[in-house]
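Quick notes on the structure that follows.
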Amino acid sequence: MSSPARTRVRFAPSPTGYLHVGGARTALFNWLFAKHIGGDFLLRIEDTDQTRYDAKALVDLIADLKWLGLQWDEGPEVGGPHEPYFQSQRLPLYQKHARELVAGGHAYPCFCTSERMDELREVQKRNNLPTSYDRLCRSIPPETAAQRVAAGEKHTIRLKVPFNGDTVFKDFLRGTITYQNRILDDLVLLKTDLFPTYHLANVIDDHYMQITHVLRGDEWIPSTPRHVLLYQAFGWEPPTFVHLPVILGPDGGKLSKRKGAASVGDYRELGYLPETLINFLSLLGWNPGGDEEYMERDRLIEVFTLEKINPKSAVFDEKKLEWLNGQYFLRRDVDFFMPLVKPLWIKAGADATAFSEDYFRTAVALLKDRSKRLPDFVAYGMYFFQEPQAYDEKTAKKYFGPGSESLLETLHAGIASLPAFDTAHLETLYKETAEKLGKKGGDLIHPSRLAISGIPFGPGLYELMVALGKDAVLRRMHAASAAIKSGQVKTVLTAA
RNA sequence: GGUGUGUUCGUCUAGUGGUUAGGACGCUGCCCUCUCACGGCGGAAGCAGGGGUUCAACUCCCCUACGCACUACCA
């Protein structure tokens, strides 16, 4: 036996679009496994489909992985001992191996055109037969085939799959999986354009890059027997296969852009933190066995094991994601939020020069524990930077009724004559005024809150007033009372 | 059609022959409270169906149903 190999895993995306959360989860599990066990995590770009090549997709993909913090040990940008990590730059290697397979009698040139293949498939489908290549070119004598190839005739290279017997492999999560060779057809290894198919490139690269564990989506299970056959043809040892369950949308179908957010970029824009996504995705199809749910990156690495992966596909529950994000908001401090939130406020119209850094920090401090996503700071916090433009309709109906203008004026006068503008004095003022008027505290507090913020919820009123400053509070109280008096209260529906 | 794979509350899950089937999100009642959020205490809600094996099945086996995937010179 050889000495135990260093554990090496890879994430091998095809840069054909945005990074889907399913792909992100696959990358994450690879990464967690490598980090947990002290192995290597590689990034390999499977760009062997020239017709679907998209340069922007690659840039986005790399940016998304970095945003999530899934740094690779080998791959694009960082290099490594097995460069290049782009399959499109490894063509000679695949072609050489394809030729060797032909020479060794494991593969053969196929001259069938795409048109013939389409026709064949159509006929088979129509007759309710399994669709598979009829192996027409397999019976061409090797010398004849070689001559035709030498003459420059267009062809693919196909693997000779045995007619009988079974191909058996072990999936780490599901155990032994058996396929009858007779239902496997002779797959294409090398395309007409001399690019390899996924099957060929993937097997060759995993071998030379010394990949020990293949963690990939379970849509690859049906292809695995073909890969195993390839490993056998080359005389190589296959890696351990771990097929991960898929992530589904709320309707039990695929998670798709059509039905809402589906990519890492979508969730970033919705205001979720990368650590939230990491934590949430890790819990989709895996869990450490206990009640722990809030887990930071290091904790996940510490407890992550392949054995605890669940083979069942899981539905992406955005409500729970939102809750988790809120848990992170509770635990992160003001410094953490400043660079994330301040630009959002400025973009929404906050005048950065009119407010001090401390003022921004106070607003963050007051808002972060009651926010679930980054945009909440804007949706429910712009009143820190501008006077309310309108008042929440439902609440205005309740608290800006007849007589409320004089109540606001009374409060206004009280605040104006306060010896000190702090929470203690404000609280005393409100208590005494309520008592004097024979009202409950809430009867004064709610209209005040609405007057100064325009919305019916938010930080404690006294804290909020102190944060906004005496002048702003007085101005807003007065503006609200004036609006009520004139019957010109502008209202708006607030989405809570 | 064929092949494969999966099936514990609505959702994420714990469970590995004997449990009042546990937790979380969401929903909901109460408490805390100036609102919201947080937090605390409760509640409703689940082993797909049928056969076996066994003294005993959510747990093991078989069948059925349903979901999903694959069935390309895409990955």
Side-chain angles (χ1 to χ4, degrees), chain A residues 12-16 46-49 51-52 110 112-114 117-118 121 124-125 127-133 154-158 171 173-174 177-180 183-185 187-199 201-202 216-225 243 245-246 248 250 252-254 280 283-294 310-324 326-327 329-330 367-372 376 380 395 427 430 434 440-446 448-450 453 455-462 464 496:
Chain A
S14 177
T16 52
E46 312 234 326
D47 52 352
T48 56
D49 185 353
T51 63
R52 292 204 301 168
C110 171
C112 295
T113 61
S114 316
M117 291 306 297
D118 291 344
R121 244 194 313 280
Q124 290 168 334
K125 268 214 167 110
N127 294 312
N128 259 341
L129 289 166
T131 54
S132 69
Y133 177 50
K154 288 264 184 215
H155 66 280
T156 60
I157 301 293
R158 285 183 185 270
D171 178 82
L173 302 174
R174 293 158 240 262
I177 296 179
T178 305
Y179 278 84
Q180 297 180 298
I183 64 132
L184 267 24
D185 63 356
L187 66 147
V188 171
L189 264 22
L190 209 61
K191 307 181 225 176
T192 310
D193 63 4
L194 298 181
F195 271 63
T197 58
Y198 168 84
H199 308 291
N202 148 73
R216 77 218 311 187
D218 68 9
E219 69 269 23
W220 291 106
I221 290 177
S223 298
T224 307
H243 289 102
V246 293
L248 307 170
K254 266 189 188 169
F280 183 74
L283 256 14
L284 240 39
W286 171 84
N287 98 350
D291 289 344
E292 226 179 329
E293 295 207 287
Y294 167 85
N310 192 329
K312 173 194 164 193
S313 51
V315 173
F316 193 98
D317 179 5
E318 196 162 337
K319 280 286 186 203
K320 190 154 184 174
L321 178 70
E322 203 171 80
W323 166 80
L324 228 207
Q327 292 298 307
F329 276 24
L330 247 26
L367 257 15
K368 79 173 187 69
D369 288 358
R370 31 180 63 82
S371 299
K372 294 270 212 282
D376 289 351
Y380 310 131
T395 318
E427 186 166 355
Y430 269 72
K440 290 201 291 190
D443 295 333
L444 315 198
I445 288 166
H446 297 311
S448 299
R449 170 186 303 286
L450 188 64
S453 77
I455 58 176
F457 46 80
L461 182 70
Y462 312 129
L464 179 56

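For the numbers below, each heavy atom of this structure counts, side chains included, while hydrogens, waters and symmetry mates do not. In the text below, chain A, chain B and the rest are named by the order of the sequence lines, each starting its count at 1.
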Gap in Å between the two P atoms, one belonging to B/C61 and one to B/A75, rounded: 38 Å
Please classify the nucleic acid contact of A/Leu461 as base, sugar-phosphate, or nothing, using heavy-atom distances under 4.0 Å. base
Picking from B/G39, B/A14, B/U5, the nucleotide nearest the side-chain atoms of A/Ile177 would be B/U5
Nearest to side-chain heavy atoms of A/Lys312, which nucleotide of B/C36, B/U8, B/C38: B/U8
Would you find a donor on one side and an acceptor on the other, under 3.5 Å apart, between the side chain of A/Asp443 and the backbone of A/Lys440? yes
Side chain of A/Phe457 only, heavy atoms from C-beta on: which candidate in B/U35, B/U7, B/G4 is closest? B/U35
Those residues that, when tested against A/Tyr179, pass ring pair (Phe, Tyr, Trp, His ring centres under 6.0 Å) (two or more places apart): none
For A/Tyr179 and B/U3, give me the distance from atom OH to atom P, rounded to whole Å. 11 Å
When both hydrogen-bonding distances must be under 3.5 Å and the geometry is Watson-Crick or G-U wobble, what is B/C70 paired with, if anything? B/G2
Write down the distance separating the P atoms in B/C25 and B/A21, rounded off to the nearest Å. 22 Å
Verify, without hydrogens or angle tests, whether A/Asp376 (side chain) and A/Lys372 (backbone) share a donor-acceptor contact under 3.5 angstrom. yes
Would you indicate whether the side-chain heavy atoms of A/Thr16 and A/Asp49 approach each other to under 4.5 Å? no
Do A/Asp118 and A/Arg121 meet the salt-bridge criterion of a basic N to acidic O distance under 4.0 Å? yes
For every nucleotide of nucleotides 16-30 of chain B, 5' to 3': is a protein heavy atom under 4.0 Å from its base (B), only from its sugar-phosphate (S), or from neither (-)? -------SBB-----
Any cation-pi pair here, A/Arg158 with A/Tyr133, using under 6.0 Å and within 45°? yes
So that I can tick it off, tell me whether A/Arg174 and A/Asp171 are bridged by a salt bridge, with the cut-off set at under 4.0 angstrom between side-chain N and carboxylate O. yes
Determine the Euclidean distance between corresponding P atoms of B/C47 and B/G10; express it in Å to zero decimal places. 8 Å
To the nearest Å, how far apart are A/Asn127 CG and B/G2 C1'? 14 Å
Under 4.0 Å, heavy atoms only, any strand: does A/Asp443 hit a base, just the sugar-phosphate, or nothing? nothing
Which value, in whole Å, describes the distance between the P atoms of nucleotides B/G42 and B/G49? 30 Å
Under 4.0 Å, counting only non-hydrogen atoms across every strand here, what does A/Gly458 touch: a base, just sugar-phosphate, or nothing? base
Answer with base, sugar-phosphate or nothing: what part of the nucleic acid does A/Pro245 contact at a heavy-atom distance below 4.0 Å? nothing
If the C1' atom of B/G15 is compared with that of B/C58, how far apart are they to the nearest Å? 8 Å
Nucleic acid footprint by protein, nucleotides 67-75 of chain B - heavy-atom cut-off 4.0 Å, B for base, S for sugar-phosphate alone: -SSSSSBBB
Rounded to the nearest Å, what distance is computed from the NZ atom of residue A/Lys440 to the P atom of nucleotide B/U35? 10 Å
Whom does B/U7 pair with, Watson-Crick or G-U wobble, provided both distances fall under 3.5 Å? B/A65
Using heavy atoms to find the nearest nucleotide of RNA chain B for A/Tyr462 and A/Val315 separately, return the residue whose nucleotide is more 5′. A/Val315
Across all chains, not counting sequence neighbours, the ring pair (Phe, Tyr, Trp, His ring centres under 6.0 Å) partners of A/Phe280 are A/Phe316
Rounding to an integer number of Å, can you tell me how far A/Leu367 CG sits from B/C38 C1'? 14 Å
Can you tell me how far P in B/C38 sits from the matching atom in B/G46, rounded to whole Å? 26 Å
The Watson-Crick or G-U wobble partner of B/C55, with both key distances under 3.5 Å, is B/G18
Under the ring pair (Phe, Tyr, Trp, His ring centres under 6.0 Å) test, residues paired with A/Trp220 that sit two or more places apart: A/Tyr198
Considering only atom C1', compute the distance from B/A48 to B/A56 and round it to an integer number of Å. 23 Å
A/Glu292 CD to B/A14 P: how many Å, rounded? 15 Å
With A/Tyr430 via ring pair (Phe, Tyr, Trp, His ring centres under 6.0 Å) - residues at least two apart: A/Tyr462
At 4.0 Å (heavy atoms only), tell me whether A/Gly442 reaches a base, stays on the sugar-phosphate, or touches nothing. nothing
Roughly how many Å is it from CD in A/Gln124 to P in B/G2, rounded to a whole number? 15 Å
Sub-4.5 Å side-chain heavy-atom contact between A/His243 and A/Thr224: yes
Nearest-neighbour nucleotide for the A/Arg370 side chain, B/C34, B/C36, B/C12 considered: B/C36
What's the gap between B/G52 and B/C66 when it is taken at their C1' atoms, as a whole Å value? 22 Å
Can you measure A/Tyr294 atom OH to B/G39 atom P for me and round it to whole angstrom units? 13 Å
So does A/Gly460 get a backbone contact from the side chain of A/Arg449, meaning a donor-acceptor N/O pair under 3.5 Å? no
Distance in angstrom units between A/Ile183 CD1 and B/G2 C1', rounded: 7 Å
